[in-house]
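Protein chains get the first letters and strands the later ones, always in sequence-line order, with residue 1 at the start of each. Predicted model, so just to flag it, every value in this text is computed and none were measured. Only this structure's heavy atoms are used, side chains among them; waters, hydrogens and symmetry mates stay out.
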2 protein chains.
Amino acid sequence: MIETHFARIRARHALSTEEEAAIRSAMGTSLSFEAHHTFVEADTLLDVSILIVEGIAGRYKDLRDGQRQITELHVPGDFTDLHSFTLKRLDHNLIALTPCRVVLFPHAKLAELTERYPRIARLYWFSTNLDAAIHREWVLSMGRRSAIARTAHLFCELQVRLSLVGRADPDGFDFRLSQVDLAECLGMTSVHVNRSLRRLRELGLMTFRNGRAELHDVPGLRELAEFDPSYLYLDPPPL
Amino acid sequence: MIETHFARIRARHALSTEEEAAIRSAMGTSLSFEAHHTFVEADTLLDVSILIVEGIAGRYKDLRDGQRQITELHVPGDFTDLHSFTLKRLDHNLIALTPCRVVLFPHAKLAELTERYPRIARLYWFSTNLDAAIHREWVLSMGRRSAIARTAHLFCELQVRLSLVGRADPDGFDFRLSQVDLAECLGMTSVHVNRSLRRLRELGLMTFRNGRAELHDVPGLRELAEFDPSYLYLDPPPL
DNA sequence: CGGATCCTTGATGGGATTCAATTCGGGTGG
DNA sequence: CCACCCGAATTGAATCCCATCAAGGATCCG
């Protein structure tokens with residue numbers, strides 16, 4: 001059920017079967033959310049962290065006038081809010097962008113787990129630091145990349161992250177978000193997302209249609225986006 | 001010497017004198033950096049984390065054409081790269097934006113410290129999660145706030161963070177960055193930073209000149225920026 | 001088949017960049 | 001003491017990327 005979680009960890013660090021069993025024993029309730037359901041609201045006190053088993057979720061913040069910014073996407077195997085273990089409440093909301101199945105990890109169990117296994121504590125600390133690295137790359141995208149490069153970069157990132165958990169091929173992946181959702185990730189309007197996607201299609205780099213991304217020219221896409229996967233820490237020294 | 005660090009921690013959590021002493025005992029060498037010196041380069045293997053004693057530092061990434069994006073600013077009392085303790089190398093560079101005095105904390109000492117004092121481990125985990133929260137707010141700024149609101153927001157954030165360590169009054173603070181530096185924080189050109197600052201001055205909200213920010217109307221500034229300090233977690237439940 | 005939702009495209013406008021020139025302030029040395 | 005210089009700040013003009021506004025088209029589903 002949470003094999004994707006172990007795949008994600010093992011893409012970066014060794015994990016013993018004992019550690020794997022310990023993590024399993026910290027699992028709590030399973031739940032499902034419909035698409036577009038905000039399942040955690042900012043400022044709510046939390047006593048569980050949520051792991052995605054299936055589906056795509058996002059962290060987002062709104063401005064008064066209704067403008068929304070998604071600050072990170074989550075794929076199967078990701079904790080959406082492991083950081084709530086130390087923060088206790090979140091500064092953002094969590095939404096299911098597609099139908100999602102999740103597993104809850106009670107903070108009390110995580111406390112036991114991380115105290116008994118300091119190495120797991122470090123692995124999970126690493127995991128939240130990886131989220132921060134993704135945030136930094138998004139700050140760079142928003143601040144300095146053009147709309148088309150930013151769009152390309154997002155798909156490059158997703159291709160890598162989804163591959164780790166067996167949800168992408170080298171040349172494409174299912175991704176059932178609307179162009180409005182993408183716009184909220186990319187800090188632009190859905191109209192301009194549409195034009196950027198058209199441009200990427202015309203350049204022969206990729207198509208995104210009917211909830212599926214086809215990457216026709218990954219090197220070209222990465223070149224345009226200046227995508228360097230090192231921020232995803234796929235080859236870290238042992239922890 | 002690292003009183004600002006304890007002030008920063010105690011603004012959010014209790015810290016016993018024993019814990020304080022333990023942290024002190026993990027201190028290593030002191031160093032000074034000149035302004036504009038990049039003191040950590042991306043992808044270098046690190047075995048120390050760096051605490052700022054005096055000065056302003058920044059995390060930044062560059063694109064090929066030389067465009068630079070600063071993804072976070074650091075003030076006295078901050079670790080610039082506590083996350084290198086689990087990441088081992090960084091996905092970004094660290095630069096002294098003003099002359100800086102720092103203290104090194106060897107990772108070996110941090111490992112001892114966090115294993116002996118699990119609560120300190122949680123406090124430091126919290127600290128890196130706070131960096132991520134700041135990143136998220138910057139993503140929102142870059143993606144959805146106008147140039148003037150983004151500029152105002154940055155000064156609101158700095159006023160709060162500097163106040164915690166006694167480096168700001170309610171109505172202003174020293175801040176010896178150039179408009180080019182600000183542009184690299186804000187994802188815009190220095191020309192437009194200049195125009196945004198003029199607008200803020202004309203609106204009677206703040207002035208920034210000669211390395212000093214004067215906040216004439218903090219409520220007005222916060223209103224314009226839609227600044228809500230909750231992402232800085234100044235009132236978290238006990239850890 | 002009608003309605004909802006999402007996608008697509010065109011026309012127009014505006015906020016930010018780009019390019020360029022001028023001013024300002026702080027040093028430095030003749 | 002002042003001419004000179006240099007980096008930083010300031011301002012104007014032209015341009016461009018992206019947003020806004022608006023209208024049609026596609027797809028799906030009850």
Side-chain angles (χ1 to χ4, degrees), chain A residues 34-37 56 63 65-69 97-99 141-155 174-203 206-214 224-225, chain B residues 34-37 56 63 65-69 97-99 141-155 174-203 206-214 224-225:
Chain A
E34 291 175 8
H36 308 123
H37 174 61
I56 304 285
L63 291 182
D65 64 0
Q67 286 195 90
R68 173 166 297 181
Q69 180 65 48
L97 293 168
T98 69
S141 273
M142 301 289 168
R144 296 300 183 196
R145 285 189 175 94
S146 65
I148 189 168
R150 196 150 80 237
T151 306
H153 195 278
L154 179 64
F155 282 95
D174 288 334
F175 189 63
R176 313 194 162 284
L177 300 210
S178 70
Q179 293 183 2
V180 172
D181 296 327
L182 282 179
E184 290 170 355
C185 291
L186 294 168
M188 48 207 242
T189 61
S190 63
V191 172
H192 205 59
V193 167
N194 184 281
R195 295 193 222 268
S196 297
L197 289 172
R198 172 152 61 115
R199 201 74 235 294
L200 290 170
R201 202 181 326 124
E202 288 167 356
L203 290 168
M206 63 165 290
T207 35
F208 175 61
R209 210 165 36 200
N210 300 328
R212 172 132 188 118
E214 301 283 357
L224 174 67
Chain B
E34 292 174 8
H36 308 124
H37 175 61
I56 304 286
L63 291 183
D65 64 0
Q67 288 194 91
R68 175 166 296 181
Q69 180 65 47
L97 294 168
T98 69
S141 273
M142 301 288 168
R144 295 300 184 197
R145 285 189 175 93
S146 65
I148 189 169
R150 197 149 80 236
T151 307
H153 195 278
L154 179 63
F155 282 95
D174 289 334
F175 189 62
R176 313 194 161 284
L177 299 211
S178 69
Q179 293 182 2
V180 172
D181 295 328
L182 282 179
E184 290 170 354
C185 291
L186 294 169
M188 47 207 245
T189 61
S190 62
V191 172
H192 205 58
V193 166
N194 184 282
R195 296 193 223 268
S196 297
L197 288 172
R198 172 152 61 114
R199 201 75 236 293
L200 290 171
R201 202 180 327 124
E202 288 167 357
L203 290 169
M206 62 165 291
T207 41
F208 175 61
R209 210 165 37 199
N210 301 328
R212 172 132 189 116
E214 301 284 356
L224 173 67

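Checking the phosphate oxygens (OP1, OP2) of dT17(C), a side-chain nitrogen or oxygen of Thr189(B) falls inside 4.0 Å. For Arg195(B) and dT10(D), the shortest distance from a side-chain N or O to OP1 or OP2 is not below 4.0 Å.
With sequence neighbours left out, His36(A) forms a ring-ring contact (aromatic ring centres under 6.0 Å, His included) with no residue at all.
With dA16(C), dT9(C), dT10(D) as the candidates, the nucleotide lying closest to the side chain of Asn194(A) is dT9(C). You'll find that the side chain of Val191(B) is closest to dT18(C), out of dA16(C), dC7(C), dT18(C).
Backbone-only engagement by Ser146(A) is indicated by non-hydrogen atom pairs under 4.0 Å involving sugar-phosphate atoms exclusively. Using a 4.0 Å heavy-atom criterion, one finds that Arg209(A) contacts no nucleic acid atom at all.
Residue Asn210(A) contributes atom CG, which lies 18 Å from atom P of dT5(C) at whole-angstrom precision. If you measure from atom CG of Leu186(A) to atom C1' of dC18(D), you get 13 Å, rounded to the nearest angstrom. Atom CD in Gln179(B) sits about 14 Å away from atom P in dG25(C), given to the nearest Å. Rounded to whole angstrom, the span from the CE atom of Met188(B) across to the P atom of dT10(D) amounts to 13 Å. Between Arg150(B) atom CZ and dT17(C) atom C1' there is a gap of 13 Å when expressed in whole angstrom units. Atom-to-atom, CG of Leu182(B) to C1' of dT10(D) comes out at 15 Å; the value is rounded to the nearest Å. Regarding His192(B), its NE2 atom lies at a distance of 6 Å from the P atom of dT17(C), rounded to whole Å. The interatomic distance linking His36(B) (NE2) with dC6(D) (P) rounds to 18 Å, in whole Å.
For the pair Leu97(B) and Ala35(B), the tightest heavy-atom approach, listed with the atom from each and the gap, is O-CB, 4.0 Å. For Thr151(A) against Ser196(A), the heavy-atom pair with the smallest separation is OG1-CB, 3.7 Å.
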Between Val193(A) and Met188(A), is a side-chain contact (heavy atoms from CB on, under 4.5 Å) present by the stated rule, with each step listed?
CA-CA 7 Å; Val193(A) 167; Met188(A) 48 207 242; 3.8 Å; yes

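Both Arg201(B) and Ala147(A) sit near DNA chain D, but only Arg201(B) has its closest nucleotide nearer the 5' end.
Residue Met206(A) holds its CE atom at 6.0 Å from CG of Leu197(A), rounded to the nearest 0.5 Å.
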